[in-house]
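One structure below.
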Number of protein chains: 2
Amino acid sequence: MSGISDVARLAGVSKSTASRALSGSGYVSEKTRLKVAAVAASLEYVPSSNAASLVTGRTRNVGVVIPYLHRWFFAEVLEGIQAALLERGLDLTLYDANPGTEGRRRIFEDFLARKRFDGLIAVGLEPEDHELERLLKIGRPVVSVVGTDADASVIGIDDNDAARRATHHLTSLGHEHIAFVGGGSSPRWASVDRRRLDGYLEAMSEAGLTARAQHIRSEVSLPGGYAAAVDLLGARSRPTGIVAVCDEVAIGAIIAARRLGIGVPGDLSVVGIDDHKYAEMFALTTLQQVPREQGRAAVELLEAQLADADAEPTHLALSARLIVRASTGPVDAQHSVMVSDARTGIDGSV
Amino acid sequence: MSGISDVARLAGVSKSTASRALSGSGYVSEKTRLKVAAVAASLEYVPSSNAASLVTGRTRNVGVVIPYLHRWFFAEVLEGIQAALLERGLDLTLYDANPGTEGRRRIFEDFLARKRFDGLIAVGLEPEDHELERLLKIGRPVVSVVGTDADASVIGIDDNDAARRATHHLTSLGHEHIAFVGGGSSPRWASVDRRRLDGYLEAMSEAGLTARAQHIRSEVSLPGGYAAAVDLLGARSRPTGIVAVCDEVAIGAIIAARRLGIGVPGDLSVVGIDDHKYAEMFALTTLQQVPREQGRAAVELLEAQLADADAEPTHLALSARLIVRASTGPVDAQHSVMVSDARTGIDGSV
DNA sequence: TTGAAAGCGATACCAC
DNA sequence: GTGGTATCGCTTTCAA
């Protein structure tokens, strides 16, 4: 394994010149640059990032703190981040900070303090106060995907607005009995869920339906949505519309409805938020966000902060796009589809 | 930010003694060890991993090369790896090597060569020949989760056996027309899929059903299984049993069956491989593997290789456990459940 | 049991 | 444009 001095010697130049030639910074004649590059290539020279980091203080590595890997949104964001980092030649150190685990504690107590990165991207982290404190104490730029930090750059959709529009979509179709499903299953609310519930409540209020607003708590997952919907739809008086906190919950609700023989959208309209990869298969009407792009954007924001130490924190609130598929319909059309469903086994939504 | 010389000075010892005291290697009197530790704590001293790595050659970092993040199996393995690494104080560098992407190419060409890790864990990587060559050339221990490398440690389930037992489960229930769904959708087979198909074919052969064996190609995903099953089950002569390449495909098939009014398990038995987190919700009979534990085991294996440079590569083939839920039943029971399904909207499987 | 000094492999300043 | 040299922060002989 050859070092830069080997390259320098074989190229007949000094270490400093070799370094300049390879890093591309500083004056080097084109001739020697070519020569050095050729030698480096022939030796398959790979610079030691440790040595370089030690002297420059820059690691060319980005840390990603993320609470879940198995949830659609998080996996997509992470893939977006990784893709953008690969393009830039930057490494990615993963910190899976699952809430309530010993691992998360150690990440905040020990791992982050090592500063093995030039900057951090926090994805849907929702840090406790003492965690946030740690995060800022590190003294490296932080970009959040989903969040509310005032001190860091944040990128995400306008959750309140998305839920409001989802709800409005149903009220404009004539629905009056609309439930919001998901969130609040654990004592500590995820703030995203909270914001979406608020958006729903505001839209219900605008439609004069505050009295009929109903929040069904559930875990934010497909089985969670399924379980909650089984209860909700099995009750005597069931809603004609469901706004789900996210697509996973929405899809769970659709599956529950089908199993209960409730036609979608004939007897029940369901709208989600996400545009999950399964959304199309379930013909789910939803408010689309593109987490992969959010991941890429986070890298771009971080890059800017890295280039210019005192760049102002940017707050990017993207707007979700309504995609109407076949899980929502006018409230009047009730039952018409249900019949065909029982006969053919396929309702009109596919 | 204080370095080890600050600690040394304030503790009234030399750098060397401070280093020994903190790293715990070499002779240090208990008294000075305590003193140094106290000073280090008061200064919130964090050693520079770059400096340490530069001199020791060890990074205390593990690279994980993984082709997907959004698929259940991969996300679970990754979470298992991360948890085990956090316990050991080791960092995790993520390389998302999505097949066919420019990013994957760069990972193998550039990123891995930097050797910013003491060892690698490859998860379901299925490297091309030239990629494998690169991998071994790095000269760092590699552990594979799922795979067939002779030169590296491998951990995974016996896929052939799992598929064979899944199939046998159906034949023992009297099924004769059993299709295998999934895999082979792209020209390049994933070898896992291939092995599972082989296991199915062997079991069919053992049951004297070779003539009726049928492989339905599909993408290995829930929508993929759904689409394939819609075609398969819509045909004139449909099977009474489905062995799916994995649970995601199996669940897609169940959803398709329900939509077509085909009762599960009344008219159709479905068995998967995985024990996916949604398996319970769909009452899916499956052969369980626990990817999270495979991730942990990979870390343990790697740790052993790291401790003892010439430890023999270990090949761990775990056995999947059959979990019988309610997606499979005797072939005779056909139609009985379908009727109740149509009446109540809920079949017997929940 | 401790300390002085020699690197690890690069970068960057400063003469030339 | 180029080369010598100090330096980054630590570990590790080797002597004392």
Side-chain angles (χ1 to χ4, degrees), chain A residues 1-41 43-61 89 91 110 113-118 139-140, chain B residues 1-37 39-40 43-61 89 91 110 113-118 139-140:
Chain A
M1 229 208 38
S2 36
I4 200 171
S5 18
D6 302 304
V7 175
R9 189 163 14 84
L10 282 164
V13 297
S14 70
K15 280 196 331 181
S16 1
T17 302
S19 173
R20 262 175 269 135
L22 293 170
S23 69
S25 67
Y27 295 103
V28 189
S29 77
E30 187 59 9
K31 195 173 134 224
T32 56
R33 202 187 60 70
L34 253 41
K35 174 83 187 233
V36 171
V39 172
L43 291 179
E44 303 190 42
Y45 166 72
V46 178
S48 153
S49 41
N50 277 320
S53 296
L54 187 55
V55 58
T56 62
R58 312 192 74 257
T59 62
R60 303 199 55 73
N61 183 39
D91 274 6
D110 308 337
R114 294 183 197 156
K115 304 190 209 186
R116 295 181 90 159
F117 40 76
D118 296 329
R140 296 263 187 284
Chain B
M1 227 207 40
S2 36
I4 200 172
S5 19
D6 301 305
V7 175
R9 189 163 13 85
L10 281 165
V13 297
S14 70
K15 278 194 335 183
S16 5
T17 303
S19 172
R20 262 175 264 136
L22 292 171
S23 70
S25 67
Y27 294 103
V28 189
S29 78
E30 186 61 11
K31 194 171 136 229
T32 56
R33 202 187 60 70
L34 253 41
K35 175 82 187 241
V36 170
V39 172
L43 289 180
E44 304 191 41
Y45 166 72
V46 179
S48 152
S49 41
N50 277 319
S53 296
L54 187 56
V55 56
T56 61
R58 312 192 73 259
T59 61
R60 301 198 57 71
N61 183 39
D91 273 6
D110 308 337
R114 294 184 196 155
K115 304 190 207 183
R116 296 181 90 157
F117 40 75
D118 296 330
R140 297 261 187 285

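Atom set for the values below is all heavy atoms of this structure, side chains included, hydrogens, waters and symmetry mates excluded.
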Out of curiosity, A/Asp118 CG to A/Thr56 OG1, how far, rounded to the nearest 0.5 Å? 8.0 Å
When only distance counts, do a donor and an acceptor, one from the side chain of A/Ser16 and one from the base of D/dG4, lie under 3.5 Å apart? yes
If we only count heavy atoms from C-beta on, is the A/Asn61 to B/Arg116 side-chain gap below 4.5 Å? yes
Relative to the 5' end of DNA chain C, which residue comes earlier, A/Ser23 or B/Gly26, by the nucleotide with the nearest heavy atom? B/Gly26
Starting from P on D/dG9, measure out to CG on B/Leu22 and report it in whole angstrom. 16 Å
Interatomic distance where CD1 belongs to B/Ile4 and C1' belongs to D/dT12 [whole Å]: 12 Å
Would you mind reading off the distance between B/Met1 atom CE and D/dG9 atom C1', rounded to a whole angstrom? 9 Å
Which distance, rounded to the nearest 0.5 Å, do you find between the OG1 of B/Thr17 and the CG of B/Leu22? 10.5 Å
Using OP1 and OP2 only, check whether a side-chain N or O of A/Thr17 sits under 4.0 Å from D/dG3. yes
Once you apply a heavy-atom cut-off of 4.0 Å, does B/Ser19 come out as touching a base, just sugar-phosphate, or nothing? base
Considering all heavy atoms, the nearest A/Asn50-B/Ser53 contact: ND2-CB, 3.1 Å
Could you tell me the separation between the NZ atom of B/Lys35 and the CG atom of B/Leu10, rounded to the nearest 0.5 Å? 9.0 Å
Give B/Thr32 one of three labels, base, sugar-phosphate or nothing, depending on what nucleic acid heavy atoms sit under 4.0 Å from its own. sugar-phosphate
Tell me: OH of B/Tyr27 to P of D/dA15, nearest whole Å? 18 Å
Rounded to the nearest 0.5 Å, how far does CE of A/Met1 lie from CG of A/Asp6? 9.0 Å
side-chain hydrogen bond (donor to acceptor under 3.5 Å, both in side chains) filter on B/Ser48, not counting sequence neighbours, yields none
In whole Å, what is the span from the CZ atom of B/Arg20 to the P atom of D/dC10? 15 Å
On a heavy-atom basis, which atom in A/Val28 and which in A/Ala21 lie closest, and how many Å separate them? CG2-N, 3.7 Å
Taking 5' to 3' order, which nucleotide of DNA chain C is first and which is last to have an atom within less than 4.0 Å of a heavy atom in chain B? C/dT1 to C/dG9
For the pair B/Ser25 (side chain) and B/Arg20 (backbone), establish whether a donor and an acceptor sit closer than 3.5 Å, ignoring hydrogens and angles. no
Could you identify which residues of residues 45-58 of chain B place a heavy atom less than 4.0 Å from some atom of DNA chain C, listed by residue number, or say none? B/Leu54, B/Val55
Check the distance between D/dG3's P and A/Arg9's CZ and give it to me in whole angstrom. 14 Å
